[in-house]
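A short worksheet on the structure shown next.
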Amino acid sequence: PFPSLGVVPYTPDAGWFAYLVSPLRWGYLGVSLFLVLSGFCIHLPFARKRGATGDGRATGYAFNARSFYLRRLWRLYPAYAVSVIGTFLLLMIVYPTPSTEAPSHNFGDLISHLTLMHGYFDRYFYSIVHVYWSLALEFQLYLLYPLFLYCFYKMGVTRAVAVLTVISIGWRILSLDVFHHQLISISWTGPYAMMGFVLARMPEWLFGAWLAEWYVRGGHTKSRRVPLALASMVVLFSAILSSLDERLWSLTDILFGLGFAFAIAAAIVPRKSLPASARTTHHSLLVTQSYKRLVWIGTISYSLYLFHAQLSWFANPWIKTLPGAVLPFGLRTIVLILSIPVIAIIYRFVEAPFLKAPRPGERFHALYTRLEGLLGIKTKAPLPTATPRD
């Protein structure tokens with residue numbers, strides 16, 4: 001009955017167009033997909049290390065916390081800090097006094113975001129840029145990662161993920177029924193801080209970590225794509241149904257994460273080899289070009305996440321005054337498309353310099369070395385280059 005399922009607020013007096021574009025308005029589900037992908041990518045090197053040593057216990061889960069956290073901060077924080085400070089200054093210039101047209105942007109908002117503490121406080125949760133709560137959640141997951149590894153070591157991966165998921169469901173029920181916090185974006189009233197708290201959202205990330213273990217063990221070579229894809233569809237549809245009943249919201253995000261985990265599992269199952277004659281067809285060339293474009297979008301996706309909302313602000317004040325639904329929707333789509341080249345430039349100069357730890361003679365090497373010294377990290381020899389099989 002709600003064409004804007006998962007969007008706050010519900011669409012009043014929705015017409016046919018609202019129903020038509022409704023799936024495009026479920027962007028918040030990208031958080032669940034992102035968490036599963038993050039768990040997979042972060043845990044994959046450790047799962048491979050365990051597989052290479054043949055030790056399923058302690059050796060495979062050796063963890064250098066200081067090195068891990070320095071790499072994560074170097075990769076993510078500089079571009080994030082630039083976006084937070086730049087957005088704060090932009091808001092101060094355009095909205096020098098508090099306005100319902102703009103997110104909250106006082107000094108407390110700035111400090112809470114720069115320290116990644118905004119996810120713990122309802123007053124800062126959606127301030128400056130409302131999507132940044134998910135990055136605060138990601139850093140909470142990094143802080144708990146050594147604990148996850150310890151649980152994997154003590155209980156085994158599957159049992160640990162199951163136990164931690166049960167704990168999370170209990171926490172989510174407590175958050176809804178006792179603390180009266182909202183947990184999913186379909187809610188229209190706060191408080192919201194529990195929605196971005198690690199205990200409420202860790203199953204989605206853990207499903208990705210489990211997938212990494214499954215992949216390293218060769219589970220993807222023994223599985224079939226169609227059953228996994230069908231399971232994904234069933235679970236994702238169940239998640240949508242659960243969002244219609246507030247009593248089931250304690251399961252909604254977890255079901256979305258599980259559904260996306262099945263989808264990712266289906267995607268990494270090897271495809272049957274194409275005959276040589278089919279590899280040079282016009283269709284295959286088109287698919288290859290489309291794939292390259294998607295990879296490029298994926299490459300700049302972190303910058304898209306950091307900067308897309310701000311660029312849309314320039315157009316929104318006059319677009320929302322236009323009559324009807326079709327024209328504003330079309331103009332917003334055009335603004336989003338036009339923002340991609342701008343974000344690509346931002347990626348080149350703001351994010352790209354921090355993709356990898358700098359080597360001697362490269363820019364920022366002195367700064368990186370100083371940070372290593374502050375954290376007591378000794379530079380190690382680079383890992384061997386990945387083989388084509390990897």
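Position 1 is the first residue of the sequence; numbering continues from there. Basis for what follows: all heavy atoms, side chains included, without hydrogens, waters or symmetry-related copies. Keep in mind that this is a model prediction, so the values were computed, not measured.
Put simply, the side chain of Ser242 never gets that close to the backbone of Trp249: no donor and acceptor are under 3.5 Å apart. Judged by distance alone, with hydrogens and angles left aside, the side-chain atoms of Tyr69 form a donor-acceptor pair with the main-chain N or O of Tyr142 at under 3.5 Å. In terms of modelled atom types and a separation under 3.5 Å, the side chain of Tyr124 and the main chain of Ser104 share no donor-acceptor contact. Using modelled atom types, one side-chain atom of Tyr132 and one backbone atom of Leu306 make a donor-acceptor pair closer than 3.5 Å. Not one N or O on the side chain of Glu213 forms a donor-acceptor pair closer than 3.5 Å with the backbone of Thr158. One N or O on the side chain of Thr115 and one on the backbone of Ser112 form a donor-acceptor pair closer than 3.5 Å. Panel note: side chain Ser223, backbone His220; no donor-acceptor pair is recorded below 3.5 Å. A donor-acceptor distance shorter than 3.5 angstrom exists from the side chain of Ser175 to the backbone of Trp171, with no hydrogens or angles considered. Using modelled atom types, no side-chain atom of Tyr95 and backbone atom of Leu90 make a donor-acceptor pair closer than 3.5 Å. Remark: the backbone N or O of Thr87 is not paired with any side-chain donor or acceptor of His105 at under 3.5 angstrom.
Members clustered with Leu230: Val226, Met233, by chain and number, using a 4.5 Å side-chain heavy-atom cutoff among hydrophobic residues.
Counting non-hydrogen atoms of neighbouring residues, nucleotides and ligands closer than 6.0 angstrom, the CZ atom of Phe364 exceeds 12 such neighbours. Residue Arg123 places its CZ atom among 12 or fewer non-hydrogen atoms of other residues, nucleotides or ligands, all under 6.0 Å distant. Around atom NZ of Lys356, no more than 12 heavy atoms belonging to other residues, nucleotides or ligands sit under 6.0 Å away. With a 6.0 Å radius and a threshold of 12 heavy atoms from other residues, nucleotides or ligands, Phe237 has its CZ atom at or below the threshold. No more than 12 heavy atoms of other residues, nucleotides or ligands shown are found within 6.0 angstrom of NE2 on His130.
Under the 4.5 Å side-chain criterion, counting only non-hydrogen atoms from C-beta, Thr299 is in contact with Tyr347. Counting only heavy atoms from C-beta outward, the side chains of His180 and Met194 never approach each other to under 4.5 Å. Counting only heavy atoms from C-beta outward, the side chains of Phe349 and Val82 never approach each other to under 4.5 Å. Using a 4.5 Å heavy-atom threshold, the side chains of Ile42 and Arg72 count as touching. Using a 4.5 Å heavy-atom cutoff, the side chains of Phe307 and Ile300 are not in contact. Ile264 places a side-chain heavy atom less than 4.5 Å from the side chain of Leu33. In this structure, Lys292 and Thr288 have side chains that are in contact, with non-hydrogen atoms separated by less than 4.5 Å. Put simply, the side chain of Tyr80 reaches to within 4.5 Å of the side chain of Tyr302, judged on heavy atoms.
Looking at residues two or more places apart in sequence or on another chain, you find a side chain to side chain contact (heavy atoms under 4.5 Å, CB included) between Leu29 and Trp26, Phe256, Phe260.
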Using side chain to side chain contact (heavy atoms under 4.5 Å, CB included), reason through Leu35 and Leu141 one step at a time and then give a plain yes or no. CA-CA 9 Å; Leu35 290 175; Leu141 287 161; 3.7 Å; yes
Run Tyr126 and Asp109 through side chain to side chain contact (heavy atoms under 4.5 Å, CB included) and show every step you take. CA-CA 9 Å; Tyr126 281 134; Asp109 297 316; over 6 Å; no
Residue pair Tyr145, Phe46: steps toward the ring pair (Phe, Tyr, Trp, His ring centres under 6.0 Å) verdict: CA-CA 11 Å; Tyr145 185 42; Phe46 295 93; 5.5 Å; yes
List the steps, then state whether side chain to side chain donor-acceptor pair (under 3.5 Å) holds for Arg71 with Ser67. CA-CA 6 Å; Arg71 292 197 308 270; Ser67 177; 2.8 Å; yes
The test is side chain to side chain contact (heavy atoms under 4.5 Å, CB included); show your working for Ile128 and His118 and say whether it passes. CA-CA 10 Å; Ile128 300 188; His118 57 284; over 6 Å; no
Between Val131 and Val31, is the side chain to side chain contact (heavy atoms under 4.5 Å, CB included) condition met? List the steps. CA-CA 9 Å; Val131 300; Val31 175; over 6 Å; no
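Partner of His43 under the side-chain contact (heavy atoms from CB on, under 4.5 Å) criterion, chosen from Phe148, Phe152, Tyr215: Phe152.
The CG atom of Asp245 sits 10.5 Å away from the CG atom of Leu241 when rounded to the nearest 0.5 Å. Of the inter-residue distances, the one linking Leu251 atom CG with Ser243 atom OG reads 12.0 Å to the nearest 0.5 angstrom. Of the inter-residue distances, the one linking Glu351 atom CD with Leu76 atom CG reads 8.5 Å to the nearest 0.5 angstrom. Going from atom CG of Leu338 over to atom OG1 of Thr333 covers 11.0 Å, rounded to the nearest 0.5 Å. With rounding to the nearest 0.5 Å, the separation of CG in Leu183 from CG in Asp253 is 7.0 Å. Considering CG of Leu367 and CD of Glu372, their distance stands at 10.5 Å, rounded to 0.5 Å.
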Listed pairs under 3.5 Å, donor-acceptor, residues 198-208 side chains, sequence neighbours left out:
{"residue": "Arg201", "atom": "NE", "partner": "Glu204", "partner atom": "OE1", "Å": "2.8"}
{"residue": "Arg201", "atom": "NH1", "partner": "Met195", "partner atom": "O", "Å": "3.3"}
{"residue": "Arg201", "atom": "NH2", "partner": "Glu204", "partner atom": "OE2", "Å": "2.9"}
{"residue": "Glu204", "atom": "OE2", "partner": "Ser32", "partner atom": "OG", "Å": "2.6"}
{"residue": "Trp205", "atom": "NE1", "partner": "Ser38", "partner atom": "OG", "Å": "3.0"}

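Linking Ile, Leu, Val, Met, Phe, Trp and Tyr residues whenever their side-chain heavy atoms come within less than 4.5 Å places Val94 and Trp313 in a single cluster. A single hydrophobic cluster is not seen to contain both Val335 and Val21; linkage of ILVMFWY side chains at heavy-atom distances under 4.5 Å, directly or through other members, places them apart. Val350 is not connected to Ile345 by any chain of hydrophobic side-chain contacts under 4.5 Å among Ile, Leu, Val, Met, Phe, Trp and Tyr, and they are in different clusters. By the criterion of side-chain heavy atoms lying less than 4.5 angstrom apart, applied directly or through intervening Ile, Leu, Val, Met, Phe, Trp or Tyr residues, Leu355 is grouped together with Leu135 in one hydrophobic cluster. Under a hydrophobic-cluster definition in which Ile, Leu, Val, Met, Phe, Trp and Tyr are linked whenever side-chain heavy atoms come within less than 4.5 Å, directly or via other members, Leu174 and Val163 are assigned to the same cluster.
Nearest heavy-atom pair, Phe17 versus Ala325, reported as atom, atom and distance to 0.1 Å: CE2-O, 3.7 Å. What you find for Leu137 and Gly196 is that their closest heavy atoms are CD1-O, 3.5 Å.
The aromatic rings of Trp214 and Trp210 sit parallel, their planes meeting at an angle under 30°, below the 60° perpendicular limit.
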